[in-house]
Number of protein chains: 2
Amino acid sequence: MVPTAKSRRWEPRRLSAVAVELPDGVAPKGTPGRILLAGLRLFAELGFHGTSIRDLGGAAGINSATLYAHFPSKEHILAELVLLGHEEMLRRLRRAVVGSSADPVDRLRALVAAHVSVHTDFPLLALVANAELHALSAERAAPALALRTEAQELALGVVQHGVDAGVFHVPDVWLATAAISAMGVRVASWFGAGQPYDREQVVETYAEFATRIVGADGPGKEQT
Amino acid sequence: MVPTAKSRRWEPRRLSAVAVELPDGVAPKGTPGRILLAGLRLFAELGFHGTSIRDLGGAAGINSATLYAHFPSKEHILAELVLLGHEEMLRRLRRAVVGSSADPVDRLRALVAAHVSVHTDFPLLALVANAELHALSAERAAPALALRTEAQELALGVVQHGVDAGVFHVPDVWLATAAISAMGVRVASWFGAGQPYDREQVVETYAEFATRIVGADGPGKEQT
DNA sequence: GTCTATACACAGATAGAC
DNA sequence: GTCTATCTGTGTATAGAC
């Protein structure tokens, strides 16, 4: 009894409340685009291994065999989505840092706002990029992992910048960065699913939490 | 080309660095226990749908057919692990709250210490309980979801307690609780995987971050 | 580009001997 | 309880017509 999209009635992630879409300008048009949107929804909902190529074809409005006229394999569809997700993330984080002032608090707030807003704007893409990357072979995961490393170093640099300036006071830079990152990543799991919060409220609140985590609101926050 | 445990060479979660174990006293002995440990490792590594019953039997040292002498289906194995994970979590959170003083900061620190330490002590169990629950039918996921709801309400209560006492100052209780919870949940994804931090360091640091998030270190933390 | 039809491996699960 | 052997459905992917 292999569960399929058809037999599954229950949706723990409540994706129906979330728009199925990709960042403007980066998604292909026509059938390849519809295939990617189908993968976005189904991989987020059922997971890569829980989605069959017949599920994908059905959701894209084509026969499953037609998928192979556009992608060499099911795994290539996931790889494309995972890469798009990581590219959008890194693009926004870079833009935030470059566009911010040298003030450590401003820069951190800009970084966190960008990070959180990617998860509110494209929760499905963030979910697939994070939770389904493990289903890719090492070879096909590598491009996304390289972008992920860059994003992590960017974030670490922002926190370290504040520490060096004497504005941030944290027990450990890596742990503080991990904590701030974790807040944002989880947003994709609940945003839009019947929650009362809008995008700006979440972004602003989490930016505030990040400044609190790094102890930027005042002195004397070092761990004793 | 269905990827299987045998053909997979790459391990993004680096589970080899993490002990495969269940909480003392709650795991069955003998073959059922070995089956659960096999499921713990493989479901965390490959996901429920990425793991075959032959993978499970091989990891447990038995023929795949023998699985059915102990569990009615593959899904029942996952259901048991997911339930064990949620039970352990709720048990520890309750113990922490009951054993803490009425002081809001003490109570929050105890709660976060318990939450984080579950993820450092049993990272695989936490990973499976969180990331693979979606593979269960509604019927079999229900018991764990009920425990999850209780745990969430427990955490919300602890934060609300501090707000009511005038000790915590947060823009929103639910968002603050979600942020604190997110920090802990993510620990399971990296703890032990070649990181230099030990259990106590992570627990203590994240407890400190939680008190900062709720603005308990001083006045004037309200969102403006 | 899209379809129908199909190849062939593997999935979950069962029967029955020991 | 554990095994060997096997059933049956589904999986990914391909061939070839339109």
Side-chain angles (χ1 to χ4, degrees), chain A residues 1-9 27-39 42-43 45-82 132 134-137 139-140, chain B residues 1-9 27-39 42-43 45-82 128 132 134-137 139-141:
Chain A
M1 284 189 300
V2 178
T4 66
K6 271 158 288 187
S7 68
R8 201 80 60 79
R9 289 279 174 271
K29 308 291 179 190
T31 301
R34 292 211 317 283
I35 292 170
L36 287 178
L37 291 178
L42 292 169
F43 294 160
E45 190 175 324
L46 307 172
F48 177 73
H49 291 302
T51 302
S52 74
I53 58 165
R54 290 178 177 87
D55 293 334
L56 284 168
I62 56 175
N63 188 281
S64 64
T66 307
L67 291 169
Y68 294 90
H70 303 281
F71 294 90
S73 75
K74 178 184 156 188
E75 191 185 345
H76 281 81
I77 299 173
L78 175 62
E80 180 69 20
L81 288 169
V82 168
E132 301 300 325
H134 74 97
L136 293 175
S137 69
E139 183 185 17
R140 270 192 276 281
Chain B
M1 284 190 299
V2 179
T4 65
K6 272 159 289 191
S7 68
R8 201 80 58 76
R9 289 278 174 271
K29 308 292 177 189
T31 301
R34 294 212 316 283
I35 292 171
L36 287 178
L37 291 177
L42 291 170
F43 294 159
E45 190 175 326
L46 306 171
F48 177 73
H49 292 301
T51 302
S52 74
I53 58 165
R54 288 170 179 83
D55 293 335
L56 285 168
I62 55 174
N63 188 280
S64 64
T66 306
L67 292 169
Y68 294 89
H70 303 280
F71 294 90
S73 76
K74 177 185 157 188
E75 192 186 343
H76 282 80
I77 299 173
L78 175 61
E80 179 70 20
L81 288 168
V82 168
V128 169
E132 300 300 326
H134 74 97
L136 293 175
S137 68
E139 184 186 17
R140 272 193 273 281

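- Side-chain proximity of A:A65 to D:dT12, C:dT2, C:dA5: nearest is C:dA5.
- C:dT2 atom P lies 7 Å from atom CZ of A:R34, rounded to whole Å.
- Taking 4.5 Å as the limit, some side-chain heavy atom of B:I62 sits within range of a side-chain heavy atom of B:I35.
- Counting any heavy atom pair closer than 4.0 Å across all strands shown, B:I53 reaches a base atom.
- If you take CG of A:N63 and P of D:dC18, they are 17 Å apart, rounded to a whole angstrom.
- Comparing D:dA13, D:dT6, D:dC3 by their closest approach to the side chain of A:K74 singles out D:dA13.
- Contact between B:H70 and B:P32 at its shortest, heavy atoms only, is ND1-CG, 3.6 Å.
- Summarising the geometry, the separation between CG on A:D55 and P on D:dT10 is reported as 12 Å, rounded to the nearest angstrom.
- Separating the CG atom of B:L67 from the P atom of D:dT4 is a distance of 14 Å, rounded to the nearest angstrom.
- The distance between atom CG of B:L56 and atom P of C:dA13, rounded to the nearest whole Å, is 11 Å.
- Rounded to an integer number of Å, the gap from CD1 of B:I35 to P of C:dA13 is 13 Å.
- Rounding to whole angstrom units, NE2 of residue B:H49 and C1' of C:dC10 are separated by 16 Å.
- Note: CZ (A:R54) to P (D:dA13) measures 11 Å, nearest angstrom.
- Using a 4.5 Å heavy-atom cutoff, the side chains of A:E75 and A:F48 are in contact.
- The side chain of A:H70 approaches C:dG1 more closely than any other nucleotide in the set D:dA13, C:dG1, D:dT2.
- The closest side-chain heavy-atom distance from B:H76 to B:R140 is below 4.5 Å.
- Distances shown here put a side-chain N or O of A:T31 below 4.0 Å from the OP1 or OP2 atom of C:dT2.
- In this structure, B:S64 reaches neither bases nor backbone, as no heavy-atom distance under 4.0 Å exists between it and the strands shown.
- Nearest nucleotide to the side chain of A:Y68, out of C:dC3, C:dA13, D:dA13: D:dA13.
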### Task
Would you sort out whether A:F43 and A:V82 count as a side chain to side chain contact (heavy atoms under 4.5 Å, CB included), showing the intermediate values?
CA-CA 11 Å; A:F43 294 160; A:V82 168; over 6 Å; no

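- The residue B:S52 sits close only to the backbone: its heavy atoms come under 4.0 Å of sugar-phosphate atoms, none of a base.
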